[in-house]
Amino acid sequence: MDVYLEKIDARHNCCRFYSLRIEKDLFAEHLLVAQWGRIGGRGRSMIKGSGPLASCQQLRDRIVAIRERRGYVQPA
């Protein structure tokens with residue numbers, strides 16, 4: 001359920017990551033947690049959505065599509 005994306009562009013000194021994971025909260029719901037920043041750093045994190053698993057998966061898929069359009073890829 002975890003997604004990890006990277007964007008590396010040496011010409012623009014861009015070395016970034018974007019991570020999405022689905023976790024359970026205390027009330028048996030699900031949370032979509034995003035973490036982003038420079039590779040090697042701690043980065044920042046934010047809860048992007050909560051609710052049933054299917055809704056969190058749809059939101060995750062939409063965010064991944066947006067990030068891929070902006071040049072992020074899954075590392076090999």
Side-chain angles (χ1 to χ4, degrees):
M1 284 195 194
D2 293 348
V3 176
Y4 182 81
L5 303 168
E6 290 182 346
K7 180 179 181 180
I8 299 173
D9 186 359
R11 291 181 298 145
H12 296 105
N13 193 25
C14 179
C15 203
R16 305 199 108 351
F17 75 92
Y18 200 90
S19 170
L20 293 165
R21 68 182 180 275
I22 296 176
E23 301 177 350
K24 279 195 167 192
D25 67 1
L26 295 174
F27 306 107
E29 290 287 323
H30 292 85
L31 301 171
L32 180 63
V33 180
Q35 185 176 9
W36 66 93
R38 288 188 63 85
I39 294 174
R42 191 176 72 182
R44 304 180 90 184
S45 63
M46 173 186 261
I47 297 173
K48 290 286 192 175
S50 64
L53 180 60
S55 121
C56 287
Q57 288 173 337
Q58 282 181 326
L59 180 58
R60 179 195 63 200
D61 294 342
R62 277 198 318 238
I63 292 172
V64 166
I66 290 168
R67 292 292 159 196
E68 287 176 342
R69 282 196 304 260
R70 292 182 181 174
Y72 285 79
V73 296
Q74 292 186 5

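Nothing fancy with the numbering, it's 1 onward along the sequence.
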Original post:
Which residues satisfy the side chain to side chain contact (heavy atoms under 4.5 Å, CB included) test with N13, sequence neighbours excluded?
Top reply: R38
Original post:
Does K7 use its side chain to pair, donor to acceptor, with the backbone of R70 at less than 3.5 Å?
Top reply: yes
**OP:** Please answer whether the main-chain N or O of I22 pairs with a side-chain N or O of Q57 as donor and acceptor at a distance below 3.5 Å.
**Re:** no
Original post:
Are L59 and L20 joined in one hydrophobic group, where the rule is that I, L, V, M, F, W and Y side chains link up if heavy atoms are under 4.5 Å apart?
Top reply: yes
**OP:** Look at the side-chain heavy atoms of Ile, Leu, Val, Met, Phe, Trp and Tyr, link any pair under 4.5 Å apart, and say whether M46 and I66 land in one connected group.
**Re:** no
Subject >> Residue of the set R67, R44, R16 for which side chain to side chain contact (heavy atoms under 4.5 Å, CB included) holds with W36 >> reply: R44
Original post:
Once you round to the nearest 0.5 Å, how far does CD of Q58 lie from CG of L32?
Top reply: 12.0 Å
**OP:** With side-chain contact (heavy atoms from CB on, under 4.5 Å) as the test, would you mind laying out the steps for R21 and Q35 before giving the verdict?
**Re:** CA-CA 9 Å; R21 68 182 180 275; Q35 185 176 9; 3.9 Å; yes
Original post:
V3 and Q74: side-chain contact (heavy atoms from CB on, under 4.5 Å), yes or no, with the steps?
Top reply: CA-CA 8 Å; V3 176; Q74 292 186 5; 4.0 Å; yes
Subject >> Nearest heavy atoms of H30 and C56, plus distance in Å >> reply: O-SG, 3.5 Å
Original post:
Hey, mind stepping through Y18 and I63 against side-chain contact (heavy atoms from CB on, under 4.5 Å) and telling me if it holds?
Top reply: CA-CA 10 Å; Y18 200 90; I63 292 172; 3.8 Å; yes
Original post:
Other than F17, what residues sit in its cluster of Ile, Leu, Val, Met, Phe, Trp and Tyr side chains whose heavy atoms are under 4.5 Å apart, directly or through others?
Top reply: Y4, I8, I39
**OP:** Evaluate the side-chain proximity of E29 to S50: yes if any heavy-atom separation is below 4.5 Å, no if none is.
**Re:** no
**OP:** Apply the test side-chain contact (heavy atoms from CB on, under 4.5 Å) to residues K24 and L31: give CA-CA distance (whole Å), side-chain angles for both, the deciding distance (0.1 Å), then the verdict.
**Re:** CA-CA 6 Å; K24 279 195 167 192; L31 301 171; over 6 Å; no
